[in-house]
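All values reported here derive from a predicted model rather than from experimental measurement. Naming: A, B, ... by sequence-line order, numbering from 1 per chain.
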Protein chains: 2
Amino acid sequence: MELAQALRADARRNHDALVMAAAAVFAEVGVDAPIKDIADRAGVGVGTFYRRFPTRADLIVAVFRHEVDRCASEASNLAKEYAPFEALTRWIDRFLDLIITKKGLAAASSSDAPGYAALRAEFETRLVPPLKTLMDAAAAEIRTDVSATELWRAVALLCAPATPDDFDQTRKMVGVLVNGLRTALPGA
Amino acid sequence: MELAQALRADARRNHDALVMAAAAVFAEVGVDAPIKDIADRAGVGVGTFYRRFPTRADLIVAVFRHEVDRCASEASNLAKEYAPFEALTRWIDRFLDLIITKKGLAAASSSDAPGYAALRAEFETRLVPPLKTLMDAAAAEIRTDVSATELWRAVALLCAPATPDDFDQTRKMVGVLVNGLRTALPGA
DNA sequence: TGATAATCGGAATGCCATTCCGTATAAACG
DNA sequence: CGTTTATACGGAATGGCATTCCGATTATCA
């Protein structure tokens, strides 16, 4: 599945070293960390970095791909175990766990800077479809004029400045937003 | 009212020139425009800029102070003319007009970067109190566990990437958020 | 008209992104 | 195994921007 076959052995080594170094640096400093720091930590030059990952977003995608996939895959389980709206809110909570614990990820994923197109595309491809499925399932209870893309974008924006410390406060405001999707009262 | 008396004549001239130049540049490029561009346009050196406005936020505050005040002052009129929740939503709409039409202002005002403390303080001082008044008036219809500060912050975050083109889309998501504050259904 | 304190301008410094190219080497070939 | 060659490497070089610093200027007042 990985298209690594086309890479020369040293190139693959460097690729892997960069992803590992980036994971460490991202955890410490956030996804905005200077490229040089990541390259140094991986023991490669910045030229090598840019050859392997033309944009910072490409690196971010590589670092978090597995976590994103795991988050996406949990949607179907929630859909089976809970009522539609409950499944939706629980999955969004799960999404918050993913995004808030990665310093700067929410801001980066909701950035419209051209360099972050790859990251937006990743979310659009992997996370929006399951979200859409959950929203469709809950269609009877929520506004239908808000698309899944619009919703994740809004959630990401609300999370943009959040750190794990603000988790509860951010969750509250996301809760307000999601509550605003309802067409019926909680008690109904 | 302006504490300009303490300034030497040339200093005051430069101050005013900077504010005017900044207003023009902000309108064209946004509030993130390079300081040098603003200084050039005002015909002063960057040293003069930094002496007069230690942070970019100080300049932003100076440029938009009147508009911010006007927005704040309209809250009381709306409170008189409309039912509480209606007044709240209308004022937030008014706030959107203010913030979305100034390129980068929403992002800057919701930034938690230390350099933007002055801008956050300006909003907190001038806009949050009227918002709180409107929210208090509508207390019977909305959640009471969301503070005025939290609400404006969330609204600003939703507007952060918006341009006048996205106005309708942004307004929609802000509408969802505000709707999520309600404790009763629209029809109730 | 000086004296003096406030101000000015822009060169200098530092940080970071991104590109470029001479050097090195993995891998394919004979 | 050499040889060849397409890939890949590293880090110096370039460019943009923020911010600081200080010798040169100038408003103000006695």
Side-chain angles (χ1 to χ4, degrees), chain A residues 2-22 25-26 28-62 103-104 107-108 111-119, chain B residues 2-22 25-26 28-60 62 103-104 107-108 111 113-119:
Chain A
E2 303 288 342
L3 54 157
Q5 273 48 23
L7 283 185
R8 227 169 69 171
D10 52 351
R12 153 161 285 306
R13 253 197 318 277
N14 287 333
H15 170 102
D16 294 348
L18 280 166
V19 171
M20 277 192 293
V25 174
F26 285 177
E28 286 168 20
V29 183
V31 301
D32 299 318
I35 296 298
K36 176 105 193 321
D37 291 357
I38 297 167
D40 284 353
R41 184 128 172 187
V44 306
V46 292
T48 298
F49 172 85
Y50 280 102
R51 199 169 324 100
R52 223 39 75 205
F53 301 98
T55 72
R56 179 187 296 274
D58 296 315
L59 179 64
I60 297 174
V61 166
K103 225 173 298 178
S111 158
D112 53 357
Y116 285 99
L119 186 55
Chain B
E2 305 288 341
L3 55 158
Q5 274 46 24
L7 284 184
R8 227 169 69 171
D10 50 351
R12 153 163 284 309
R13 253 196 319 278
N14 287 333
H15 171 101
D16 294 349
L18 280 166
V19 171
M20 278 193 292
V25 174
F26 285 177
E28 287 168 20
V29 182
V31 301
D32 299 319
I35 296 297
K36 176 106 192 323
D37 291 358
I38 297 167
D40 284 353
R41 184 128 173 187
V44 306
V46 292
T48 300
F49 172 85
Y50 280 102
R51 198 167 324 100
R52 223 38 75 205
F53 301 98
T55 73
R56 180 187 295 273
D58 296 314
L59 179 64
I60 297 174
K103 226 173 297 177
S111 158
Y116 285 100
L119 185 56

B:Lys103 side chain vs B:Glu28 backbone, donor-acceptor pair below 3.5 Å: yes
For the side chain of B:Val46, counting heavy atoms from C-beta on, which of D:dT20, D:dA8, C:dT7 is nearest? D:dT20
Once you round it to whole Å, what is the distance between C1' of C:dT18 and CD1 of A:Ile35? 10 Å
Rounded to whole Å, the CG-C1' distance (B:Asp10 to D:dT26) equals 7 Å
Atom CG of B:Asp58 and atom P of D:dA18: how far apart are they, to the nearest Å? 15 Å
For A:Arg56, which contact category applies under a 4.0 Å heavy-atom criterion: base, sugar-phosphate, or nothing? sugar-phosphate
Tell me whether the OP1 or OP2 atom of C:dG9 has a side-chain N or O from B:Thr48 closer than 4.0 Å. yes
Decide yes or no, distance alone: a donor-acceptor N/O pair under 3.5 angstrom between the base of D:dA8 and the side-chain of A:Arg8. no
Give a yes/no on whether any side-chain N or O of B:Asn14 is located under 4.0 angstrom from OP1 or OP2 of C:dT7. no
At what distance, to the nearest 0.5 angstrom, does CG of B:Asp58 lie from CZ of B:Phe49? 8.0 Å
Which of the following nucleotides, C:dA17, D:dA18, D:dA27, is nearest to the side chain of B:Tyr50? D:dA18
In this structure, how many angstroms lie between the P atom of D:dT7 and the CZ atom of A:Arg52, rounded? 12 Å
Assess the residue pair A:Ile35 and A:Arg56 against the criterion (side-chain contact (heavy atoms from CB on, under 4.5 Å)); give the C-alpha distance rounded to whole Å, side-chain angles, the decisive distance to 0.1 Å, and a yes or no. CA-CA 8 Å; A:Ile35 296 298; A:Arg56 179 187 296 274; 3.8 Å; yes
Report which part of the nucleic acid A:Val44 touches: base, sugar-phosphate, or nothing (heavy-atom distance under 4.0 Å, all strands). sugar-phosphate
Students often get this wrong, so: under 4.0 angstrom with heavy atoms, is B:Gly43 touching a base, only sugar-phosphate, or nothing? sugar-phosphate
Measure from NZ on A:Lys36 to P on D:dA13 and round the result to the nearest Å. 14 Å
Please assess B:His15 against B:Leu18 for the test side-chain contact (heavy atoms from CB on, under 4.5 Å), listing each intermediate value before the final yes or no. CA-CA 5 Å; B:His15 171 101; B:Leu18 280 166; 5.9 Å; no
Nucleotide D:dT19, atom P - distance to CZ of B:Phe49 in whole Å: 9 Å
Could you pick out which residue, A:Gly45 or B:Asp32, lies toward the 5' side of DNA chain D when each is mapped onto its nearest nucleotide? A:Gly45
The side chain of A:Ala9 is closest to which nucleotide in this list: C:dT7, D:dA18, C:dA27? C:dA27
Would the distance check show the side chain of B:Arg52 and the main-chain N or O of B:Leu59 forming a donor-acceptor pair, the cut-off being under 3.5 Å? no
Measure the distance from CZ on A:Arg13 to C1' on C:dT25 and round it to the nearest whole Å. 10 Å
Nucleotide nearest B:Ala11 (side chain, heavy atoms from C-beta), chosen from C:dC8, D:dA18, D:dT20: C:dC8
Take atom CZ of A:Arg51 and atom C1' of D:dA8, then tell me their distance rounded to the nearest Å. 5 Å
